[in-house]
2 protein chains.
Amino acid sequence: MESEIRVRRQAVGLSQAALGAALGVSRQTINAIETGRYDPSLVLAVRLARYFESTVEEVFHIAEK
Amino acid sequence: MESEIRVRRQAVGLSQAALGAALGVSRQTINAIETGRYDPSLVLAVRLARYFESTVEEVFHIAEK
DNA sequence: TCCATATGACAAGCCTGCTTTACAGTCGCT
DNA sequence: AGCGACTGTAAAGCAGGCTTGTCATATGGA
């Protein structure tokens, strides 16, 4: 899955570790999401979107079908 | 997690099995989400929201923190 | 009454999300 | 060269999402 996490994180000048800490997950989890190794859970996706003052649909790009 | 899946599904007159079939998941999965036994994956949540022509944030209610 | 449809729930099994620990590579600075 | 911060990835382990199969219950119609 593609996401805007990396771009948005860098835009606010945070490291993967700092973002993870802000959301209560490990830096490896942020890294895995950014590198597309796995998709976040629904709860984490919503938290990430909220953190960037956006929506799940805007931050995560999920194929039509 | 609370969701509007049941209400929205009934509003369009579908059974759990029919909704599951429309989205490519089993009826047990729809049932588990409606009864709150577990949260859907991000991908399934987005598909459900799209199906109801809505957004993840509107269909699924996730606590602030 | 009998049958079909719908729902709720459980179990086993598989795959994935997330954790901690750990190692390696890059970069900038001194 | 050495150091610190950042990133990428891997392994082991646990929790949770989803499947198929199955059983039980309720409801409405012929």
Side-chain angles (χ1 to χ4, degrees):
Chain A
M1 153 171 318
E2 304 237 327
S3 86
E4 300 178 0
I5 297 298
R6 172 158 295 171
V7 170
R8 290 181 182 256
R9 172 180 62 80
Q10 290 173 338
V12 294
L14 286 181
S15 67
Q16 294 179 343
L19 178 58
L23 297 173
V25 296
S26 69
R27 74 167 188 87
Q28 286 85 342
T29 292
I30 301 298
N31 184 304
I33 294 166
E34 288 190 357
T35 57
R37 286 211 305 280
Y38 55 71
D39 300 339
S41 67
L42 174 56
V43 170
L44 180 52
V46 170
R47 285 201 189 126
L48 280 161
R50 277 184 188 155
Y51 187 87
F52 294 117
E53 295 177 321
S54 186
T55 64
V56 167
E57 280 84 352
E58 279 181 18
V59 175
F60 299 94
H61 305 149
I62 296 172
E64 280 292 325
K65 191 67 190 49
Chain B
M1 150 169 320
E2 305 236 325
S3 85
E4 299 177 2
I5 298 298
R6 172 157 294 173
V7 172
R8 290 179 183 255
R9 172 179 62 81
Q10 290 173 337
V12 294
L14 286 183
S15 67
Q16 294 178 343
L19 179 57
L23 297 173
V25 295
S26 69
R27 75 167 187 87
Q28 285 87 339
T29 293
I30 301 298
N31 185 58
I33 293 167
E34 287 190 357
T35 57
R37 287 210 306 280
Y38 56 72
D39 301 338
S41 66
L42 174 56
V43 170
L44 180 52
V46 169
R47 284 201 189 125
L48 281 160
R50 277 184 188 155
Y51 187 86
F52 294 117
E53 296 177 321
S54 186
T55 64
V56 168
E57 279 84 353
E58 278 181 19
V59 175
F60 299 94
H61 306 149
I62 296 172
E64 280 290 327
K65 190 74 188 52

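Everything quoted here is computed from the prediction, not taken from an experiment. Within every chain, numbering begins at 1; the chains are lettered A, B, ... in the order of the sequence lines, protein sequences first and strands thereafter.
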Look at all strands and tell whether A:Ser41 reaches a base, only sugar-phosphate, or nothing, counting heavy atoms closer than 4.0 Å. sugar-phosphate
Closest heavy-atom pair, B:Pro40 versus B:Phe60, reported as atoms and distance to 0.1 Å, is CG-CE2, 3.7 Å
Given D:dC18, C:dC18, C:dG8, identify the nucleotide with an atom nearest to the side chain of B:Arg6. C:dG8
Could you list all the salt bridge (Lys or Arg N to Asp or Glu O under 4.0 Å) pairs where at least one residue sits in residues 10-19 of chain A, not counting sequence neighbours? none
Is there a side-chain contact between A:Leu42 and B:Leu44 (heavy atoms, below 4.5 Å)? no
Just to confirm, is there a sub-4.0 Å distance from OP1 or OP2 of D:dC18 to any side-chain nitrogen or oxygen of B:Ser26? no
Side chains of B:Ser54 and B:Arg8 in contact at under 4.5 Å (non-hydrogen atoms): yes
Using the side-chain hydrogen bond (donor to acceptor under 3.5 Å, both in side chains) criterion, which residues pair with B:Glu57? Sequence neighbours excluded. none
Bend angle of the helix from C:dT1-D:dA30 to C:dT30-D:dA1, end axes from five pairs each (to 10°): 30°
Go through the structure and list residues passing salt bridge (charged side-chain N to carboxylate O under 4.0 Å, His left out) with A:Glu34, not counting sequence neighbours. A:Arg6, A:Arg9
Taken in chain and number order and not counting sequence neighbours, the residues that satisfy side-chain contact (heavy atoms from CB on, under 4.5 Å) with A:Val12 are A:Leu14, A:Phe52
Name all pairs fulfilling the salt bridge (Lys or Arg N to Asp or Glu O under 4.0 Å) condition that reach into residues 12-25 of chain A, sequence neighbours left out, sorted by first residue then second. none
Side-chain donor-acceptor distances from residues 18-26 of chain A under 3.5 Å, at least two apart:
| unit_1 | atom_1 | unit_2 | atom_2 | d |
| --- | --- | --- | --- | --- |
| A:Ser26 | OG | A:Thr29 | N | 3.2 |
| A:Ser26 | OG | A:Thr29 | OG1 | 3.1 |

Check DNA chain D against residues 10-19 of chain A and give the residues with a non-hydrogen atom under 4.0 Å, in numerical order. A:Ser15, A:Gln16
Taking only N and O in the side chain of B:Arg47, is any of them less than 4.0 Å away from OP1 or OP2 of D:dC18? no
Please name all residues satisfying side-chain hydrogen bond (donor to acceptor under 3.5 Å, both in side chains) with A:Asp39, sequence neighbours left out, ordered by chain then number. none
Roughly, in whole Å, what's the span from CG in B:Leu44 to P in C:dG17? 13 Å
Quick check: closest heavy atoms across B:Ile62 and A:Arg50, and the distance to 0.1 Å? O-NH2, 2.7 Å
Residues touching DNA chain C, which here means a heavy atom under 4.0 Å, drawn from residues 27-39 of chain B: B:Arg27, B:Gln28, B:Asn31, B:Thr35, B:Arg37
Can you tell me the distance, in whole Å, between the CZ atom of A:Arg9 and the C1' atom of D:dA5? 13 Å
Output one line per pair: protein atom, nucleotide atom from nucleotides 28-30 of chain D, and distance, for all N/O pairs under 3.5 Å.
none

B:Arg27: salt bridge (charged side-chain N to carboxylate O under 4.0 Å, His left out) partners, not counting sequence neighbours: none
State, to 0.1 Å, how close A:Ala49 and A:Val59 come at their nearest heavy-atom pair, and which atoms those are. CA-CG2, 4.2 Å
